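None of the values given here were measured: they were computed from a predicted structure.
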Amino acid sequence: GIPPVLLERKVRQTVNLYVDNPKSERKLLAAQNHLAKLRNDASRLKAGYLHDAMKAVEVQAILDCADMVTAASLERKESRWGIYHYRVDFPKRDDENWKKFVVVKRDPFGRAATSVEPIPGG
């Protein structure tokens with residue numbers, strides 16, 4: 001099996017390399033590809049002690065968050081919030097088209113699915 005600490009390190013490296021700024025469609029798609037492979041590895045997590053079992057659950061939650069952040073970043077085709085969401089392929093803020101919420105939910109197959117919703121009262 002795979003120790004949870006090793007999988008966590010791989011997930012965090014993927015996020016740092018491909019999801020951190022500056023963002024681009026190419027990098028975000030690469031992140032999704034890597035995260036999908038890591039999700040397959042998660043089925044081989046091993047836990048010899050209760051602490052390892054807790055870390056195994058935690059790393060799966062970290063993987064879920066990374067997957068959802070990547071999907072949301074891919075959906076939002078603009079730059080917004082200064083350094084927090086800068087897309088080199090969409091470098092300008094676009095309030096006319098993107099002053100909205102990007103909602104991420106799991107589809108029936110467990111994948112991150114995005115939708116865009118207006119901001120109430122906005």
Side-chain angles (χ1 to χ4, degrees):
I2 299 172
V5 67
L6 177 60
L7 185 61
E8 180 180 354
R9 186 177 321 128
K10 289 181 177 184
V11 172
R12 291 185 186 279
Q13 285 175 335
T14 298
V15 170
N16 288 337
L17 285 171
Y18 299 105
V19 185
D20 199 10
N21 286 313
K23 297 176 186 349
S24 69
E25 183 173 5
R26 183 183 62 79
K27 284 175 55 178
L28 293 167
L29 290 172
Q32 284 185 324
N33 185 43
H34 285 283
L35 292 170
K37 290 176 184 174
L38 294 175
R39 189 165 299 283
N40 287 335
D41 290 346
S43 67
R44 298 191 343 249
L45 284 170
K46 71 173 183 177
Y49 302 96
L50 288 176
H51 184 265
D52 288 343
M54 179 195 68
K55 288 297 289 180
V57 171
E58 181 182 34
V59 73
Q60 289 177 38
I62 292 168
L63 185 55
D64 286 344
C65 290
D67 188 31
M68 295 177 115
V69 165
T70 302
S73 293
L74 248 167
E75 181 70 28
R76 184 172 288 280
K77 301 197 179 355
E78 66 156 358
S79 290
R80 185 173 286 272
W81 307 297
I83 64 169
Y84 300 105
H85 181 76
Y86 179 73
R87 293 271 309 250
V88 294
D89 43 354
F90 299 98
K92 296 197 184 303
R93 182 174 166 155
D94 181 1
D95 282 347
E96 185 176 328
N97 295 304
W98 284 102
K99 196 167 186 180
K100 302 174 184 177
F101 289 126
V102 173
V103 179
V104 185
K105 296 180 180 180
R106 291 275 172 212
D107 71 11
F109 303 101
R111 297 178 301 234
T114 57
S115 61
V116 179
E117 296 180 6
I119 297 172

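Residues Val116 and Phe101 form no side-chain contact, since every pair of their non-hydrogen atoms from C-beta on lies 4.5 Å or further apart. Looking at heavy atoms from C-beta onward, Thr14 lies out of side-chain contact with Val19 at the 4.5 angstrom threshold. Residues Ser79 and Arg93 have side chains not in contact (no heavy-atom distance under 4.5 Å, counting atoms from C-beta outward).
The side chain to side chain donor-acceptor pair (under 3.5 Å) test applied to Glu78 returns Arg76, Arg80, not counting sequence neighbours. Here Ser115 pairs with nothing under the side chain to side chain donor-acceptor pair (under 3.5 Å) rule; sequence neighbours left out. Taking the side chain to side chain donor-acceptor pair (under 3.5 Å) definition, one finds that Arg106 meets it with Asp64, Asp67, sequence neighbours left out. Residues forming a side chain to side chain contact (heavy atoms under 4.5 Å, CB included) with Ala36 (at least two apart in sequence, or on another chain): none. With sequence neighbours excluded, the residues satisfying side chain to side chain donor-acceptor pair (under 3.5 Å) with Lys55 are Glu8, Glu58. In this structure Asp52 satisfies the salt bridge (Lys or Arg N to Asp or Glu O under 4.0 Å) test with no other residue, sequence neighbours excluded.
With side-chain heavy atoms closer than 4.5 Å counting as contact, directly or through intermediates, Phe109 stands alone and belongs to no larger hydrophobic cluster. Tyr49 forms part of no hydrophobic cluster, judged by ILVMFWY side-chain heavy-atom separations under 4.5 Å. As a member of the Ile/Leu/Val/Met/Phe/Trp/Tyr network built from side-chain separations under 4.5 Å, Val5 groups with nothing else and remains a singleton. In the hydrophobic clustering, Leu7 connects to Ile2, Leu6, Val11, Leu35, Leu38, Leu45, Val59, Ile62, Leu63, either directly or through intervening members, whenever side-chain heavy atoms lie under 4.5 Å apart.
Lys27 places a side-chain N or O within donor-acceptor distance of the main-chain N or O of Pro22, the cut-off being under 3.5 Å. Using a distance-only test at 3.5 Å, with no hydrogens or angles considered, no donor-acceptor pair links the side chain of Lys23 to the main chain of Asp20.
With values rounded to the nearest 0.5 angstrom, Cys65 atom SG is found 12.5 Å from Gln60 atom CD. Going from atom OH of Tyr86 over to atom OG of Ser24 covers 11.0 Å, rounded to the nearest 0.5 Å. The CG atom of Leu28 sits 12.5 Å away from the CG atom of Asn33 when rounded to the nearest 0.5 Å. Atoms CZ and CZ, on Arg111 and Arg39 in that order, are 11.5 Å from each other to the nearest 0.5 Å.
Across Ala47 and Ala53, no two heavy atoms sit closer than the pair CB-N, 3.4 Å. Considering every non-hydrogen atom in both Thr114 and Ala72, the closest pair reads CG2-N, 4.1 Å. Taking every heavy atom of both residues into account, Asn40 and Ser43 meet most closely at O-OG, 2.6 Å.
For Lys105, the NZ atom sits in a loose shell: 12 or fewer heavy atoms of surrounding residues, nucleotides or ligands are nearer than 6.0 Å. Other residues, nucleotides and ligands place more than 12 heavy atoms under 6.0 Å from the CD atom of Glu117.
Applying the ring-ring contact (aromatic ring centres under 6.0 Å, His included) definition to pairs two or more places apart or across chains, those involving residues 17-43 are Tyr18-His34. Among residues at least two apart or in separate chains, salt bridge (charged side-chain N to carboxylate O under 4.0 Å, His left out) pairs with a member in residues 81-91 are Arg87-Asp89.
In the hydrophobic clustering of ILVMFWY residues, with side-chain heavy atoms under 4.5 Å counting as a link, Leu29 and Val15 come out together.
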Show your reasoning for whether side chain to side chain contact (heavy atoms under 4.5 Å, CB included) applies to Asp41 and Lys37.
CA-CA 6 Å; Asp41 290 346; Lys37 290 176 184 174; 5.6 Å; no
Run the side chain to side chain contact (heavy atoms under 4.5 Å, CB included) check on His51 and Met54 step by step: do they pass?
CA-CA 5 Å; His51 184 265; Met54 179 195 68; 3.6 Å; yes
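In this structure, Lys92 does not pair ionically with Asp94, as no charged nitrogen and carboxylate oxygen lie closer than 4.0 Å.
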